[in-house]
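In the text below, chain A, chain B and the rest are named by the order of the sequence lines, each starting its count at 1. When reading the values below, keep in mind they use all heavy atoms of this one structure, side chains included, and skip hydrogens, waters and symmetry mates.
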2 protein chains.
Amino acid sequence: MQLTTRDRLLDAAEELFATHGYDGASLRDIAGVAKVPFGLATYYFGTKEELFRQVVARRADEHIGEMTAALDATVTHAAPGPPAIEELVRAFFAPMVEKLSQRGPGWRNYMQLLARAANIKQEQAFLKPFQQLYDPVRVRFVDIAATIYPLAPREHVLWASHFLNAAIIQFIAGEGSIDRLSGGHCRANDLDGIMRTMVPYFSGGFRALLESATQGEN
Amino acid sequence: MQLTTRDRLLDAAEELFATHGYDGASLRDIAGVAKVPFGLATYYFGTKEELFRQVVARRADEHIGEMTAALDATVTHAAPGPPAIEELVRAFFAPMVEKLSQRGPGWRNYMQLLARAANIKQEQAFLKPFQQLYDPVRVRFVDIAATIYPLAPREHVLWASHFLNAAIIQFIAGEGSIDRLSGGHCRANDLDGIMRTMVPYFSGGFRALLESATQGEN
DNA sequence: GTCTATAATGAGATAGAC
DNA sequence: GTCTATCTCATTATAGAC
């Protein structure tokens with residue numbers, strides 16, 4: 001099956017935005033990787049910003065939908081009680097890790113682009129709506145976690161959830177550094193190893209911070 | 001006291017590299033922020049890459065030295081036994097958090113630049129030595145953690161340490177997102193709040209993953 | 001409708017003025 | 001020794017050829 005020129009450009013842009021960042025990837029490079037004459041990029045997308053937007057739009061809905069469904073599933077499975085923290089943590093990580101390692105280079109690139117774009121400050125205002133796309137699913141996570149630890153102060157639930165999110169974001173963005181540091185003993189694309197360590201680790205974090213329920217605010 | 005032109009350029013570069021990234025910050029913008037005529041950047045530093053290198057070099061040694069000293073101190077204080085995991089985690093976080101919130105905008109910018117530069121892939125080979133500057137102190141952390149959990153497989157100690165590092169990196173880089181998500185209840189520059197939550201959280205993660213010592217490799 | 005050649009801007013680096 | 005005006009190249013966007 002033959003990919004359309006448009007899709008080839010989107011794939012190439014996804015790859016180069018992920019590896020070189022928005023500013024580091026030029027339309028020329030993108031067209032080169034897509035093996036498409038330079039100039040078609042602006043023909044199809046008008047501006048570089050719009051190309052970026054469409055790269056994101058192509059996958060964001062599916063990704064966010066999967067994450068939300070996975071979180072909701074933990075609630076329905078455990079009803080009427082709250083889910084175990086392990087199940088919630090697993091539901092948060094699994095869709096990301098799976099896309100990172102089992103859904104081909106496109107999704108992998110998208111995940112890295114996502115991780116990169118998570119830390120943008122004032123510049124590039126066109127990225128802001130994209131950042132905020134993911135806020136609802138993150139809030140959903142916090143809300144479910146709060147039902148597991150109803151006595152814990154919400155600030156602590158928020159911090160605990162933030163650390164979880166920070167770790168997965170950086171795990172994706174900083175891929176390769178674990179391989180280097182471990183001398184090859186750990187591999188960032190070892191799906192099973194990641195889940196077997198991340199889930200107990202972060203569940204343990206939640207327990208340690210939030211189970212001492214009444215320590216309150218002071 | 002009057003800052004030299006050179007230092008003004010370094011400060012401005014530090015700020016713009018941190019906020020806009022390497023590619024996103026132009027020498028013109030940097031000179032503008034420094035209120036210095038454009039062209040002096042290349043006069044003092046030759047190339048943009050060299051300017052970046054000197055921005056890093058100005059602080060890296062001090063930062064890495066402080067981190068190493070803090071880690072080593074936990075060992076000497078606890079000798080002959082290993083330190084408590086809480087003390088080790090605190091020693092890892094404290095110098096970063098302190099620089100982020102109490103040492104002025106220069107250090108703050110440097111920390112964000114550092115967090116950004118942690119996830120670079122093939123491009124920009126001149127950044128690689130900088131990334132690897134921090135490898136020894138990360139290895140030192142792993143080695144100390146391994147003395148606390150001598151029965152745990154080293155792979156698990158590496159993963160646990162990696163998550164810790166990932167979380168602090170992304171916490172720094174993604175600053176502000178906790179503020180937005182929490183509706184202002186949590187603030188990323190709340191030093192005490194951060195340490196009071198991060199330390200038990202990540203210590204709990206280490207305990208949960210590594211204390212079930214004999215689960216082995218399978 | 002697809003694509004190509006060109007324009008216009010902004011980048012980093014340099015040679016030469018004060 | 002400091003700084004400025006200029007050069008060359010790469011970037012995005014466009015106007016016009018197939």
Side-chain angles (χ1 to χ4, degrees), chain A residues 1-57 113 116-117 120 122-128 130, chain B residues 1-58 113 116-117 120-128 130:
Chain A
M1 156 203 149
Q2 182 80 347
L3 253 54
T4 83
T5 298
R6 210 187 119 87
D7 282 329
R8 299 243 304 285
L9 279 169
L10 284 171
D11 286 344
E14 189 170 57
E15 177 186 336
L16 290 182
F17 284 147
T19 52
H20 291 67
Y22 180 80
D23 290 305
S26 75
L27 293 180
R28 279 187 164 74
D29 294 341
I30 291 169
V33 168
K35 296 200 183 76
V36 156
F38 165 74
L40 289 210
T42 57
Y43 167 66
Y44 280 110
F45 301 98
T47 68
K48 188 182 181 181
E49 292 192 4
E50 182 59 25
L51 170 58
F52 184 91
R53 260 189 288 263
Q54 297 204 21
V55 165
V56 172
L113 181 157
R116 248 182 201 274
I120 301 289
Q122 56 265 53
E123 91 272 41
Q124 290 166 352
F126 71 98
L127 289 183
K128 282 221 165 166
F130 164 42
Chain B
M1 159 204 144
Q2 182 80 347
L3 254 54
T4 83
T5 299
R6 209 187 122 87
D7 282 328
R8 299 244 304 286
L9 279 169
L10 284 171
D11 287 343
E14 190 169 56
E15 178 186 336
L16 290 182
F17 285 147
T19 52
H20 291 67
Y22 180 79
D23 290 305
S26 76
L27 292 180
R28 283 183 165 77
D29 292 342
I30 290 168
V33 167
K35 297 201 184 72
V36 156
F38 164 76
L40 289 209
T42 57
Y43 167 68
Y44 282 110
F45 301 99
T47 68
K48 187 182 182 183
E49 292 193 3
E50 183 58 25
L51 170 58
F52 184 91
R53 259 188 289 263
Q54 296 204 22
V55 165
V56 172
R58 189 167 62 149
L113 182 157
R116 247 181 201 273
I120 302 290
K121 292 189 73 173
Q122 55 266 52
E123 91 273 39
Q124 290 166 353
F126 71 98
L127 289 183
K128 282 221 164 166
F130 164 43

Quiz item: What do the steps show when you test B:Arg58 against B:Asp11 for salt bridge (charged side-chain N to carboxylate O under 4.0 Å, His left out), and what is the final call?
Solution: CA-CA 10 Å; B:Arg58 189 167 62 149; B:Asp11 287 343; 3.0 Å; yes
Quiz item: Minimum heavy-atom separation for A:Lys35 to A:Arg8, with atom names?
Solution: O-NH2, 3.2 Å
Quiz item: Which heavy atom in B:Leu9 sits nearest to a heavy atom in B:Ile30, and how many Å separate them?
Solution: O-CG2, 4.0 Å
Quiz item: Does NZ or CZ of B:Lys48 come closer than 6.0 Å to the centre of the six-membered ring of B:Phe17, within 45° of the ring's axis?
Solution: no
Quiz item: For the side chain of B:Arg116 and the backbone of B:Thr19, is there at least one donor-acceptor N/O pair under 3.5 Å apart?
Solution: yes
Exercise. Could you tell me whether B:Tyr44 contacts a base, only the sugar-phosphate backbone, or nothing, with contacts defined as non-hydrogen atoms closer than 4.0 Å?
Key: sugar-phosphate
Quiz item: When you list every nucleotide of DNA chain C with an atom under 4.0 Å from a heavy atom of chain B, which one comes first 5' to 3', and which comes last?
Solution: C:dA11 to C:dT14
Practice problem: With heavy atoms under 4.0 Å as the rule, sort B:Leu40 into base, sugar-phosphate or nothing. | Solution: base
Quiz prompt | Heavy-atom side-chain contact between B:Leu113 and B:Phe52 under 4.5 Å | solution = yes
Self-check item: Value in whole Å for how far the C1' atom of D:dT11 lies from CG of A:Asp23
Solution: 12 Å
Quiz item: What is the nucleic acid contact for B:Ser26, judged by heavy atoms within less than 4.0 Å: base, sugar-phosphate only, or nothing?
Solution: sugar-phosphate
Self-check item: Bending between helix ends of the helix from C:dG1-D:dC18 to C:dC18-D:dG1 [5 pairs per end, 10° resolution]
Solution: 10°
Quiz item: Which atom pair, heavy atoms only, marks the closest approach of B:Arg6 to B:Phe45?
Solution: NH1-CE2, 3.6 Å
Quiz prompt | Nucleotide D:dT11, atom C1' - distance to CD1 of A:Ile30 in whole Å | solution = 12 Å
Self-check item: Nearest-Å distance for atom pair CG/P, residues A:Leu51 and D:dA13
Solution: 10 Å
Quiz item: Looking at B:His20 and A:Asp23, what are the two nearest heavy atoms and their distance?
Solution: O-OD2, 4.0 Å
